[in-house]
Number of protein chains: 2
Amino acid sequence: MESKRLAKVFKALSNERRLELFRLIYDQCKLEESRATQDGKGCCEGIEKAFTMACGCLNLSRSTISHHFKELQNAGLITCTRQGQTYMCQVNEDYVDAVRSFLG
Amino acid sequence: MESKRLAKVFKALSNERRLELFRLIYDQCKLEESRATQDGKGCCEGIEKAFTMACGCLNLSRSTISHHFKELQNAGLITCTRQGQTYMCQVNEDYVDAVRSFLG
DNA sequence: CTTATAATTCGATAACTATCGAATTATTCC
DNA sequence: GGAATAATTCGATAGTTATCGAATTATAAG
């Protein structure tokens with residue numbers, strides 16, 4: 001991945017609260033995925049009510065959390081689609097891999 | 001690694017030019033290391049004249065480059081020791097590993 | 001259509017960042 | 001000690017970011 005894009009990903013993860021948010025989403029996704037595998041469904045479709053969940057976990061205003069979600073999306077780390085009143089949110093594994101293997 | 005420290009590392013890598021700088025240092029270190037292994041010396045002692053080298057590679061003022069070095073050091077990614085008029089610079093592998101495996 | 005809930009956008013503010021050139025400090029060599 | 005080179009610090013500036021509360025928009029349910 002070229003520097004510009006990678007730097008953008010790092011920037012998205014450079015705020016402590018936003019990093020926590022991303023971890024929250026990531027962990028939740030992993031959980032869903034293992035459940036899905038157990039049920040023989042294959043992969044995780046994404047987590048529901050991600051925004052609501054995040055609001056419950058992070059001590060920040062809703063507008064700030066909304067902002068952080070946007071940043072993570074903008075960097076390419078997650079994809080969110082609205083489903084009725086709430087979010088369906090997925091982690092983009094390729095991007096996470098890019099971070100992991102950005103060196104070596 | 002806890003969020004606070006990890007976020008700091010990401011912040012250090014979130015600037016495109018600084019990311020380039022880090023890669024430069026990192027690649028150079030890897031090169032030295034493979035040479036050292038060939039010579040039977042074990043590991044890389046660090047790269048000499050890192051600052052000077054960086055000045056030649058990045059199109060930025062010396063003061064800005066100095067600032068970027070400081071940021072990388074401050075985040076824990078590299079260690080620089082002055083050697084006479086120049087730098088001896090090393091990558092802290094543990095930190096790079098932490099970044100790589102920050103998830104999964 | 002009204003009410004309730006969820007999420008976004010807006011406007012403001014305070015704090016932080018990248019960058020530069022100039023001045024300064026540290027080191028080496030003559 | 002003086003000159004040359006290397007790196008740091010200083011002060012300024014323009015741009016970005018995190019955060020909030022209030023106002024707004026979107027959706028669902030009665």
Side-chain angles (χ1 to χ4, degrees), chain A residues 2-25 28 46-90, chain B residues 2-25 28 46-90:
Chain A
E2 68 298 18
S3 292
K4 195 167 185 168
R5 253 214 280 174
L6 194 54
K8 222 174 146 185
V9 173
F10 286 137
K11 186 171 284 169
L13 298 172
S14 73
N15 176 275
E16 194 183 337
R17 306 317 216 86
R18 198 155 57 225
L19 180 59
E20 279 167 14
L21 171 59
F22 180 68
R23 269 185 159 157
L24 216 58
I25 297 168
Q28 197 67 30
I47 52 171
E48 287 172 48
K49 301 196 186 181
F51 190 93
T52 308
M53 186 264 288
C55 287
C57 296
L58 299 175
N59 192 21
L60 289 170
S61 78
R62 300 184 143 256
S63 59
T64 300
I65 290 174
S66 178
H67 166 70
H68 285 326
F69 264 97
K70 285 261 172 324
E71 292 288 312
L72 291 176
Q73 284 180 87
N74 204 252
L77 282 165
I78 61 173
T79 307
C80 295
T81 45
R82 205 168 179 160
Q83 281 214 330
Q85 274 171 301
T86 59
Y87 266 176
M88 174 66 89
C89 180
Q90 255 183 312
Chain B
E2 69 295 19
S3 291
K4 194 166 186 168
R5 254 218 276 176
L6 193 53
K8 223 173 147 187
V9 174
F10 285 137
K11 186 170 284 169
L13 299 171
S14 73
N15 176 275
E16 195 183 337
R17 305 318 216 84
R18 199 155 56 223
L19 181 58
E20 280 167 14
L21 171 60
F22 181 67
R23 270 184 158 158
L24 217 59
I25 297 168
Q28 197 67 29
I47 52 171
E48 287 173 50
K49 300 194 186 181
F51 190 93
T52 309
M53 185 266 286
C55 287
C57 295
L58 299 175
N59 192 21
L60 288 170
S61 79
R62 301 183 141 255
S63 59
T64 301
I65 290 175
S66 178
H67 165 69
H68 286 325
F69 264 97
K70 284 262 173 325
E71 291 289 311
L72 291 177
Q73 284 181 88
N74 204 250
L77 282 165
I78 61 173
T79 306
C80 297
T81 45
R82 206 169 179 160
Q83 281 216 328
Q85 272 171 305
T86 59
Y87 267 175
M88 174 65 89
C89 180
Q90 256 184 313

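These numbers were taken from a predicted model, which means no experiment stands behind them.
- Not a single donor-acceptor contact under 3.5 angstrom links the side-chain atoms of B:Q85 to the base of C:dT28.
- Rounded to an integer number of Å, the gap from NZ of B:K49 to C1' of D:dA6 is 10 Å.
- Counting to the nearest Å, the C1' atom of C:dT8 and the CZ atom of A:F51 are 8 Å from each other.
- Backbone-only contact: A:L60 has heavy atoms under 4.0 Å from sugar-phosphate atoms and none from a base.
- Considering only side-chain N and O atoms, B:H68 lies under 4.0 angstrom from the phosphate OP1 or OP2 of C:dT19.
- Between A:S61 and B:K70, the residue whose closest nucleotide on DNA chain D is further toward the 5' end is B:K70.
- A close approach under 4.0 Å does not occur between any side-chain nitrogen or oxygen of A:R62 and OP1 or OP2 of C:dT8.
- Atom CD1 in B:I65 sits about 11 Å away from atom C1' in D:dA7, given to the nearest Å.
- Atom-to-atom, CE of B:M53 to P of D:dA6 comes out at 15 Å; the value is rounded to the nearest Å.
- The environment of B:Q73 atom CD is dense: over 12 non-hydrogen atoms of other residues, nucleotides or ligands sit within 6.0 angstrom.
- Around atom CD of B:E20, more than 12 heavy atoms belonging to other residues, nucleotides or ligands sit under 6.0 Å away.
- The backbone N or O of B:A12 sits less than 3.5 Å from a side-chain atom of B:R18, completing a donor-acceptor pair.
- Taking atom CZ on B:R17 and atom P on C:dC20, their separation rounds to 8 Å, with Å as the unit.
- Ring geometry for A:F69 versus A:Y87: interplanar angle over 60°, hence perpendicular rather than tilted (30 to 60°).
- Rounding to whole angstrom units, CZ of residue B:R82 and P of C:dT25 are separated by 13 Å.
- Nearest-nucleotide positions on DNA chain C for B:K11 and A:S63 put A:S63 closer to the 5' end.
- B:T86 comes within 4.0 angstrom of sugar-phosphate atoms only, judged by non-hydrogen atoms across all strands, and of no base.
- If you take CG of B:N74 and P of C:dC16, they are 14 Å apart, rounded to a whole angstrom.
- OP1 or OP2 of C:dA26 has not a single side-chain nitrogen or oxygen of B:Y87 nearer than 4.0 Å.
- Comparing B:F69 and A:T64 against DNA chain D, the residue whose closest nucleotide sits nearer the 5' end is B:F69.
- D:dT8 atom C1' lies 12 Å from atom CD of B:Q73, rounded to whole Å.
- With B:L72 as reference, B:I78 is the one residue of B:I78, B:V9, B:L19 to meet the side chain to side chain contact (heavy atoms under 4.5 Å, CB included) rule.
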